[in-house]
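Hydrogens, waters and symmetry mates play no part in the numbers below; they use all other heavy atoms, side chains included.
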Amino acid sequence: SEVNMQVADFDLENQIKQIENFIAQDYDAIFVLTGFTDAIIPTIQKAKDAGIPVIAMDGTIEGDPLVSHIVWDQAKTGTVLAGAVGDYIDKNLGGKARIVCLDSKTLEHMAVRQVAFLKALNERFGNNITIVNDSDCQTREAAANIITSISEPYDLVYAASDSNAHGAIVGLEQMGLTKIPVFACGGYGTELYDALVKK
């Protein structure tokens, strides 16, 4: 058996080429993690037409031409995180907070997390929450660059994904802001988990 893993780096053209190459090589199945919806469906249809089942993980594609879709409740992720952040704000910040949001808005499932997160915080705190910076970033490096460019004070960082969270930690360490916590909707792997816990 053979497993061929490719990373598209959130680039639609890369992902289309990768899937087309898997079709040309006649793989038995394709698992795809994508934030693209309508734009990637024709390529998935090509795989189906070639008799190759495609299973999506995470993301927002559902139904035909997929044979299956493995996902968690993205909105609930944001809501649950808002509960933890809200408790932190009450306990440590007197019910008011200035927040930096690092999202991946071009990836629909990530955007859903932030919408739910901010909705829950707004319902709990109303105007006592200020969004200092709301940036779309796909990579650890982009998130770190955003953090190091912010001059206004803030109390905590919301991160929609692993790469956002890890970039925030790197940027905060570069700025010497080691007391500012990072709250992440996603956390995969020991390296990021240890970095989040250490903060």
Side-chain angles (χ1 to χ4, degrees), residues 7-11 33 35-36 58-60 71-199:
V7 178
D9 285 328
F10 306 109
D11 184 291
L33 171 59
F36 308 106
D58 214 355
T60 52
V71 70
W72 72 71
D73 187 330
Q74 305 292 347
K76 178 120 184 188
T77 301
T79 302
V80 169
L81 187 63
V85 170
D87 292 345
Y88 176 85
I89 291 169
D90 275 334
K91 182 178 177 185
N92 299 287
L93 303 173
K96 293 183 177 182
R98 295 173 57 80
I99 300 173
V100 168
C101 292
L102 300 176
D103 197 4
S104 300
K105 294 175 188 14
T106 52
L107 302 177
E108 195 173 310
H109 63 290
M110 300 277 192
V112 168
R113 296 175 190 175
Q114 182 173 328
V115 168
F117 173 79
L118 293 177
K119 180 176 185 274
L121 283 185
N122 185 56
E123 288 171 356
R124 184 166 173 179
F125 297 103
N127 293 333
N128 289 328
I129 299 297
T130 302
I131 306 304
V132 172
N133 186 295
D134 184 2
S135 294
D136 184 3
C137 48
Q138 306 295 341
T139 65
R140 183 188 303 193
E141 293 75 18
N145 289 338
I146 288 164
I147 288 294
T148 57
S149 71
I150 299 170
S151 57
E152 294 179 66
Y154 52 94
D155 302 303
L156 62 95
V157 175
Y158 160 85
S161 69
D162 297 8
S163 56
N164 297 146
H166 222 146
I169 291 167
V170 169
L172 289 167
E173 288 174 349
Q174 288 176 4
M175 300 288 287
L177 302 173
T178 56
K179 304 274 187 203
I180 294 178
V182 176
F183 292 88
C185 282
Y188 178 78
T190 304
E191 183 186 11
L192 176 58
Y193 177 81
D194 289 346
L196 286 166
V197 171
K198 183 181 73 174
K199 284 219 66 61

For this session: Just jot down the side chain to side chain donor-acceptor pair (under 3.5 Å) partners of D155, sequence neighbours excluded, or say none.
Result: none

Return the set of residues passing side-chain contact (heavy atoms from CB on, under 4.5 Å) with [X] (not counting sequence neighbours), or none when no residue passes.
{"X": "E123", "value": "K119"}
{"X": "D90", "value": "R124, F125"}
{"X": "S149", "value": "none"}
{"X": "N122", "value": "none"}

Problem set entry | pair I89-N128: side-chain heavy atoms closer than 4.5 Å | no

Exercise. Would you say the side chain of D134 lies within less than 4.5 Å of the side chain of Q114, judging by non-hydrogen atoms?
Worked result: yes

Exercise. What side chain to side chain donor-acceptor pair (under 3.5 Å) pairs are there with at least one residue in residues 76-86, not counting sequence neighbours?
Worked result: W72-T77

For [X] versus [Y], what's the shortest heavy-atom pair and its separation?
{"X": "A160", "Y": "C185", "answer": "O-CB, 3.4 Å"}
{"X": "A165", "Y": "A184", "answer": "CB-CB, 3.6 Å"}
{"X": "A168", "Y": "A143", "answer": "N-CB, 4.1 Å"}

Indicate every side-chain donor-acceptor pair of residues 94-103 with a distance under 3.5 Å to a residue at least two apart or in another chain.
{"residue": "R98", "atom": "NE", "partner": "P153", "partner atom": "O", "Å": "2.9"}
{"residue": "R98", "atom": "NH2", "partner": "E152", "partner atom": "OE1", "Å": "3.1"}
{"residue": "R98", "atom": "NH2", "partner": "P153", "partner atom": "O", "Å": "3.4"}

When rounded to the nearest 0.5 angstrom, what is the spacing between [atom1] in [X] and [atom2] in [Y]?
{"X": "I146", "Y": "N164", "atom1": "CD1", "atom2": "CG", "result": "8.0 Å"}
{"X": "D11", "Y": "Q138", "atom1": "CG", "atom2": "CD", "result": "10.5 Å"}
{"X": "I147", "Y": "I169", "atom1": "CD1", "atom2": "CD1", "result": "10.0 Å"}
{"X": "I150", "Y": "N133", "atom1": "CD1", "atom2": "CG", "result": "4.0 Å"}

Seminar exercise, completed: In short, ring-ring contact (aromatic ring centres under 6.0 Å, His included) pairs touching residues 132-163 with sequence neighbours left out are F117-Y158

Exercise. Backbone N or O of H166 within a donor-acceptor pair of the R140 side chain at under 3.5 Å?
Worked result: no

Exercise. What residues, two or more places apart in sequence or in another chain, satisfy salt bridge (Lys or Arg N to Asp or Glu O under 4.0 Å) together with D73?
Worked result: none

Seminar exercise, completed: Sequence neighbours excluded, the answer for ring pair (Phe, Tyr, Trp, His ring centres under 6.0 Å) partners of F183 is Y88

